[in-house]
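Notes follow the structure.
Read the numbers this way: they start at 1 and go in the same order the structure lists the ligands and their atoms. Positions are given from 1 along the sequence. Quick note: numbers below take in every heavy atom, side chains included, and nothing from hydrogens, waters or symmetry partners.
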Amino acid sequence: MTRKSTGKRDRDYKAATRLANAGRDPFAHHGYVNPPVYHASTLLYPSAEDYIAHRGRYQYGRRGTPTSEALAAALAEIEGPQCEAVALLPSGLAAISAALLSVVRAGDHILVTDSAYGPTRKFCDTILPRYGVTTTYYDPTIGAGITWLMRSNTVAVFLESPGSLSFEIQDVPAIAAAAHARNAVALMDNTWATPIHFRALEKGVDLSIQSGTKYIGGHSDIMLGAVAARNSTWMRLKETVFEMGLCVGPDDMFLGLRGLRTMGVRLAQHYASGMKVARWLEARPEILRVLHPALESHPGHAIWKRDFTGACGLFSVVFKPAPVEAVNAFLNKLTLFGIGASWGGFESLAIPFDCTPMRSATRWAPGGPTVRFHIGLEDVSDLIADLEEGLAAFRAAAESDV
Ligand SMILES: *Cc1c(COP(=O)(O)O)cnc(C)c1O
């Protein structure tokens, strides 16, 4: 974890330039382009006096190394000028729980979007109540109406836009402004858009969270989380992460830093291929609706267009009503789409899902079975051909059922 770099090359560059340069200081490392990977716990001091005075830039492996500083500084630069600093966490979920713990105390109340990532909800329902913190879930499309749910002890509003299964788009500026009007903090899970496509801090968010496991890593081989903080929320976040002893393994930080360099070009391809597949699916007779905010047909499209500069490769579809066997036949027929959780890697994925058990403020009634796709970096025509075979298997299974 480190404060933002204040060097002259910081602020005005475009995203692609920042991704290539952020957090690098070759001449601090003999000229090598990338910082070294420090595998470290103990740090030695030259004398007893130095040890007693904690003299020196680093104290202990858990408290930061040149590797963690490089990654945190890079992420802070990418978040933009509103970012005071970034905390690194061992997973996206750890980033969510640490960010929430940094803003609540016993007796507090928080508001969480009904579309939140399932484990976020589980944390709010199981861990927070033990410490006297209560949660109310709200309709993700509530907008400025969030004001009416605020209580005298409401200290935080948690957003996730779009929801990573159901894809509702939230009016982040309106919700953040309503939170601030009542002295509450706005936290957002920004994993889907990343700061490349949604400038969360600029839109009023105080703590912007990413699962680095997804597009930062980009290769389905690391676990990583990050929380970007404004000045007003940084000290509490830093204290929470430090005092809980949360830190990231050096190799995962190295892979996060490496992934970051290509994140822009990867995201552009995920976005473009995802749109092609989404539009193709939207025209298919087996599909009722495609839940992708960048499609004109999406109910949140206008807000998406106003606030986002792009999308990633993750979206869902609603099939026309069919038995579960037909959806399973579709998924089992696919050869280029793996069936598995998580996303953001180079490879395509497809999973069935049902939000019903994860809803309390809204009713999940999409009108048919639902499947989420992650569109990877494979050739999009191969992906579409694979989906076409899957849909044929879906039709065959659906017809044999009646
Ligand atoms: C995957 C995911 C997380 C959790 O990240 P991990 O790194 O897997 O802990 C949080 N939020 C969203 C939206 C996710 O998709």
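- Nearest to atom 5 (O) of ligand 1 among the protein's heavy atoms is Ser211 OG, 2.9 Å.
- Looking at atom 7 (O) of ligand 1, its nearest protein heavy atom turns out to be Thr213 OG1, 2.5 Å.
- Atom 8 (O) of ligand 1 has its closest protein heavy atom at Met223 CE, 3.6 Å.
- Within the listing of ligand 1, atoms 4 (C), 5 (O), 6 (P), 9 (O) sit less than 4.0 angstrom from a heavy atom of Leu93.
- The aromatic rings of His292 and Trp192 lie perpendicular to each other, with more than 60° between the two planes, well past the 30° mark.
- A cation-pi contact links Arg121 to Tyr137, judged by a cut-off of 6.0 Å to the six-membered ring centre and 45° from its axis.
- For Phe373 and Phe337, the gap between ring centers is short of 6.0 Å.
- Not one N or O of Ala94 is nearer than 3.5 Å to an N or O of ligand 1, by distance alone.
- A distance of 6.0 Å or more separates the ring centres of His374 and Phe315.
- Side-chain contact annotation: Thr134 with His109, donor-acceptor N/O pair under 3.5 Å absent.
- Taking the ring centre of Phe308 as origin, the terminal cationic atom of Lys305 falls outside the region bounded by 6.0 Å and 45° from the ring axis.
- Contacts between Ser164 and ligand 1, counted as non-hydrogen atom pairs separated by less than 4.0 Å, involve the side chain only.
- Counting heavy atoms only, Lys214 comes closest to atom 14 (C) of ligand 1 of the residues Glu160, Gln210, His374, Lys214.
- Proximity of Ile96 to ligand 1, defined as any heavy-atom pair under 4.0 Å, is confined to the side chain (atoms from C-beta onward).
- In this structure, atom 6 (P) of ligand 1 lies nearest to the protein heavy atom Gly92 N, 3.3 Å.
- Aromatic ring orientation, Phe330 versus Phe394: perpendicular (interplanar angle above 60°, classes split at 30° and 60°).
- Heavy-atom distances between Trp343 and ligand 1 reach below 4.0 Å in at least one pair.
- For atom 11 (N) of ligand 1, the closest heavy atom belonging to the protein is Asp189 OD2, 2.6 Å.
- Taking the six-membered ring for Trp and the full ring otherwise, Tyr60 and His54 have centroids separated by 6.0 Å or more.
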